[in-house]
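One structure is given here, and the rest of the page talks about it.
Proteins get letters first, then strands, A, B, ... in listed order; numbering begins at 1 in each.
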Protein chains: 2
Amino acid sequence: MHEPDQHIIQGRLADFEKRCRENGLKMTHQRLTIYRELLSSRDHPAVETIFQRVRRHIPTISIDTVYRTLATLEEAGMINRVDTTEGLVRYEADRGIPHHHLICMKCHQIRDFIWDAFDTLPRPPEVDRWGQSVARNVVITGICRQCYEQAEKK
Amino acid sequence: MHEPDQHIIQGRLADFEKRCRENGLKMTHQRLTIYRELLSSRDHPAVETIFQRVRRHIPTISIDTVYRTLATLEEAGMINRVDTTEGLVRYEADRGIPHHHLICMKCHQIRDFIWDAFDTLPRPPEVDRWGQSVARNVVITGICRQCYEQAEKK
DNA sequence: TTCCGTGCAAAGGTTTTGCATCCTT
DNA sequence: AAGGATGCAAAACCTTTGCACGGAA
């Protein structure tokens, strides 16, 4: 499916132990499994979804471990929270590739897209006056094809 | 403070009754007060904050009315949810002016900024293939001046 | 008068926290 | 052996819902 992805995923997984050490984190089965799960997810899952997926590998895991682990990995810069208007938190693994999000207002699915023309746009001076920017992302909101074709049928 | 704002606010308030009628909504004291409060707020408040502010004018209002009203006004297109990674919902009144958001990762304050160069950028073809886009916004995340100056002192 | 909108209360859903135990280091 | 990480349970927090009453049209 995602050919170039496999390469990135392998690399990140290989570095996981090192990156844990750098951040003073113990390398536990739970952490590795949660991280691996998120690396191979492309749907920006909410915590509950991650919990369900990880549970297939570690049936005894508890949801608060998932919460704590996600917070830890986020602090270490290995995963990111995703902007939504939903009132719940979603995550994605950091793959080191700038990208942006298409969000369907109806089904709430989120898809990545690349936008070089945006990435190379110089930032407005007002931003520098405001503070130190760390990341900049575009969020495009709308109705995905699947949802509006379904709506037309009715 | 915001000279051009006052003009917009007056205009939107004057149209409020009309826009309610158009959407089949009754014009109640609560709705008007919540809408007016949001129009004059520039901090993208969360529901609880809006509740506190409206309560100064209507002490008997209940928070579920605030939730319901915000949902109603959003459906009518008069206010918008704001993208965040916080796991709670924030709102802003729709002023009809395209703008973008600066979000401080530390204090979670959100500030608007204008970015014409972005607004006029043609969208990538992938977006059209995905579906019908309704809005596009930039979110720049970082540390605001106030927060990092405070951190340096220590 | 007719319904929509509100307030109250309770429930539902999401996230955080305290503590004893387990497991990396 | 030591201290961070986990699991369990409970609490805290945020949001939604059912119902009866009140108020706008």
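- Of the residues in residues 52-62 of chain B, those placing a heavy atom less than 4.0 Å from an atom of DNA chain C are B:T60, B:I61, B:S62, in numerical order.
- The local environment of CD in A:Q146 is sparse, with at most 12 non-hydrogen atoms from other residues, nucleotides or ligands closer than 6.0 Å.
- Boundaries of the chain B contact region on DNA chain D are D:dC14 to D:dA25, first to last in 5' to 3' order (nucleotide atom under 4.0 Å from a heavy atom).
- Nearest-nucleotide assignment on DNA chain D puts the 5′-proximal partner with B:L88, out of B:L88 and B:T28.
- In terms of hydrophobic clustering, with Ile, Leu, Val, Met, Phe, Trp and Tyr side chains grouped at heavy-atom distances under 4.5 Å, B:I79 and B:I34 are assigned to a common cluster.
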Expected string for nucleotides 16-21 of chain C under the B/S/- scheme (protein heavy atoms, under 4.0 Å, primed atoms plus P, OP1, OP2 as sugar-phosphate) is BBB---
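- The salt bridge (charged side-chain N to carboxylate O under 4.0 Å, His left out) test applied to B:R53 returns B:D43, not counting sequence neighbours.
- Remark: P of C:dG13 and CD of A:E86 are 16 Å apart, rounded to the nearest angstrom.
- The pair A:D83-A:R90 fails the salt-bridge criterion, with no side-chain N (NZ, NE, NH1 or NH2) lying under 4.0 Å from an Asp/Glu carboxylate O.
- Counting to the nearest Å, the C1' atom of C:dG5 and the CD1 atom of B:I34 are 11 Å from each other.
- Taking atom NE2 of residue A:H108 and atom P of nucleotide C:dT14, one finds them 13 Å apart after rounding to whole Å.
- Taking the charged nitrogens against the carboxylate oxygens, B:R42 and B:D5 do have a contact shorter than 4.0 Å, which makes a salt bridge.
- Hydrophobic clustering, defined by side-chain heavy atoms of Ile, Leu, Val, Met, Phe, Trp and Tyr closer than 4.5 Å, groups B:L121 together with A:L102, A:F113, A:W115, A:F118, A:L121, A:V127, A:W130, A:V138, A:I140, B:L102, B:F113, B:W115, B:F118, B:V127, B:W130, B:V138, B:I140.
- Counting side-chain heavy-atom gaps under 4.5 Å among Ile, Leu, Val, Met, Phe, Trp and Tyr, A:L88 is found in no cluster with other residues.
- Aromatic rings of B:H44 and B:H101 (six-membered ring for Trp) have centroids within the 6.0 Å cut-off, being under it.
- Ion pair A:R31/A:E17 not flagged as a salt bridge, since none of the NZ, NE, NH1 or NH2 atoms sits closer than 4.0 Å to an Asp/Glu carboxylate oxygen.
- To the nearest 0.5 Å, atom SG of residue B:C144 and atom CE of residue B:M105 are 12.0 Å apart.
- Atom-to-atom, CG of B:L32 to C1' of C:dG5 comes out at 15 Å; the value is rounded to the nearest Å.
- A straight line from CZ of A:R31 to C1' of C:dT25 spans 13 Å, rounded to a whole angstrom.
- Between the side chain of B:D94 and the backbone N or O of B:G96 there is at least one donor-acceptor pair closer than 3.5 Å.
- Residues satisfying the salt bridge (charged side-chain N to carboxylate O under 4.0 Å, His left out) test with B:E48, not counting sequence neighbours, are none.
- Of the residues in residues 9-27 of chain B, those lying under 4.0 Å from DNA chain C by heavy-atom distance are B:L25, B:K26.
- Between the two ends of the helix from C:dT1-D:dA25 to C:dT25-D:dA1, each summarised by a five-pair axis, the helix axis turns through 40° (rounded to 10 degrees).
- Scanning for side chain to side chain contact (heavy atoms under 4.5 Å, CB included) contacts around A:A135 gives A:N137, with sequence neighbours left out.
- Under the side chain to side chain contact (heavy atoms under 4.5 Å, CB included) criterion, B:R145 pairs with B:Y148, B:E149, not counting sequence neighbours.
- Listed by chain and residue number, B:D64 satisfy the salt bridge (charged side-chain N to carboxylate O under 4.0 Å, His left out) test with B:R68 (two or more places apart in sequence, or in another chain).
- Of the possible donor and acceptor atoms, none in the side chain of B:T65 sits under 3.5 Å from a partner among the backbone N and O of B:I61.
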